[in-house]
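Index from 1, following the sequence. Both counts, for ligands and for their atoms, begin at 1 and track the order of listing.
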Amino acid sequence: MNTTNNIDSNIIVIGAGIGGLALALALHKVGVPCRVIESAPEIKPLGVGINLLPHAIAALDRLGVVQDLERRAVPTREVCFYTRHGQLVNKELRGRFAGYPLPQLSIHRADLHQVLLDAVRARLGADAVELGRRCTGVSQDTQSVSVHVQDADKNPLPAIRGSVAVACDGVHSVVRKQMHPVEAVPRYEGTTQYRGTTYWKPFLSGASMVYLGTQKTGKLVLYPVRNNVDPQGRQLLNWVVEIERPDEMLLRDWNRPASVEAFIDNFKNCRFDWLDIPAVMRAAESIYEYPMVDQDPLPFWSQGRVTLLGDAAHPMMPRGSNGAAQAIIDALTLADLLVTRDDPVSTLKVYEARRLEATGKVVLANREISPDAILRVVEERTGDKPFDKIEDVLSEQEFELWQARYRAVAGFDKTHVQAAAAEPR
Ligand SMILES: Cc1cc2nc3c(=O)[nH]c(=O)nc-3n(C[C@H](O)[C@H](O)[C@H](O)COP(=O)(O)OP(=O)(O)OC[C@H]3O[C@@H](n4cnc5c(N)ncnc54)[C@H](O)[C@@H]3O)c2cc1C
């Protein structure tokens, strides 16, 4: 891409979350300089677990960070689907265990973030991520874009000029609000999510992900994200509860603390021979709550020299393991386009054309056909009662078709991942 002499840096990346750091690495890999600004004055180990599906791993592999991730993560072996009575509906192998060329990884968000941050600092320079720099808006002319910035005390700083600005500033993106002043109201599903982590001994295969129950009575997603955290060989378990709370739409704050009493009653009978779930919940290190909110796909997300990426572009419900995955794939797609094309304005439109519809489908799929939504079907067919034989309720073929549909929409069907894994590093 051409540079303009008086431009401070070529690409300005706004936000050093998962998507912004992946973009910085992807741009560096193709030789495009960038400047990364982040509003937080320091990077803290925040969040709980994230499951990285093989399509995200294919993208991260191109960024050369998968070995570092594998050292910290747990390679997901299988996903098991249970009713709230503890009856197994079905299970499927995942990642390499399912014949994919790449693993599926369960990882703490803080570990994923740290691996990306370390790689950015090692490759782009120790001060490549400028902390305590909050973007307050963008302006542009035909030659350049200016990102307006405040420091951590809200003092204005000189605007940063570049040829392109990419807003990776998360669910509350200021750039998205500027681009779409009359934005659609966030859509609340009527469900609150509680997320926690607990040190516990390995359960099932030691690398199993469990979906149990439905939002109506309390749904649980559970998987280990760190191995051997102490001499007893315990793991760090990540667990997420979703419960219908139609009258309570919380603020979208990833760090809002919650109490186990808000949901523990719903799981009091979930003491199984493979895991005592209430005991795991009570032993949590910390618990957070978050509303299940998304937004209808935007009509556009590139305007002149400015575009959106990750949650800023397509806020989706944290379900189906796709928030981080889609942000990382956005980053690779955009970097590949920026290096091969000269005109930034048309390049950002091509990026939008490649990613807006694709990610919009994932946003919508997470509402209805996420992998675990099959448990709703079982609940309806059994009247929420224990079944005698699962074959009388749901066939193997129906289960597989359901899962295949989500894999295809989200882009992690085996053929797709094999093709992505075969791309030049
Ligand atoms: C603190 C935190 C905890 C999270 N915990 C979880 C979790 O437990 N489970 C889960 O599934 N997802 C979690 N997420 C969301 C998850 O990281 C994203 O859904 C996904 O990875 C997509 O990444 P993203 O880069 O688009 O957004 P994010 O990872 O949210 O990154 C956005 C970044 O932009 C920065 N930023 C925001 N506004 C500005 C601004 N005006 N100027 C400059 N920088 C700005 C933010 O500080 C943040 O670093 C969390 C996000 C955050 C920020």
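Residue Arg195 touches ligand 1 through its side chain alone, judged by heavy-atom distances below 4.0 Å. Using a 4.0 Å cut-off between heavy atoms, Cys168 contacts ligand 1 through its backbone alone, with no side-chain atom that close.
Among all non-hydrogen protein atoms, the one lying nearest atom 14 (N) of ligand 1 is Trp254 CE2, 3.4 Å. When only non-hydrogen protein atoms are considered, atom 16 (C) of ligand 1 lies nearest to Arg109 NE, 3.9 Å. The nearest heavy-atom contact from the protein to atom 41 (N) of ligand 1 is Cys135 O, 3.1 Å. When hydrogens are left out, the protein atom nearest atom 26 (O) of ligand 1 is Asp311 N, 2.8 Å; that is the closest non-hydrogen contact. The shortest contact between atom 37 (C) of ligand 1 and any protein heavy atom is with Asp169 O, 3.3 Å. Atom 49 (O) of ligand 1 has as its closest protein heavy atom Glu38 OE1, 2.7 Å. In terms of protein heavy-atom proximity, atom 31 (O) of ligand 1 is nearest to Gly17 CA, 3.3 Å.
Inspection of the Thr191 and Glu242 side chains reveals no N or O donor paired with an N or O acceptor under 3.5 Å.
The side-chain tip of Arg252 does not point at the ring of Trp254 from less than 6.0 angstrom away and within 45° of straight on.
Heavy-atom proximity to Gly170, at under 4.0 Å, picks out these atoms of ligand 1: 27 (O), 32 (C). Atoms of ligand 1 lying under 4.0 Å from any heavy atom of Arg134, numbered from 1 in the order shown and given with element: 41 (N), 42 (N). Set against the non-hydrogen atoms of Gly19, the atoms of ligand 1 under 4.0 Å away are 23 (O), 24 (P), 25 (O).
Considering backbone and side-chain atoms together, Ala327 places no N or O closer than 3.5 Å to any N or O of ligand 1. Ligand 1 has a nitrogen or oxygen under 3.5 angstrom from a nitrogen or oxygen of Ser39. For a threshold of 3.5 Å applied to N or O pairs, the pair formed by Gly310 and ligand 1 contains no separation below that value.
Relative ring orientation between Trp274 and Phe272 is described as parallel, the plane-to-plane angle staying below 30° on a 0-90° scale split at 30° and 60°.
The side chain to side chain donor-acceptor pair (under 3.5 Å) test with Asp336 singles out one residue from Arg354, Arg62, Lys29, and that residue is Arg62.
Separation of the Phe81 and Phe399 ring centroids falls under the 6.0 Å cut-off.
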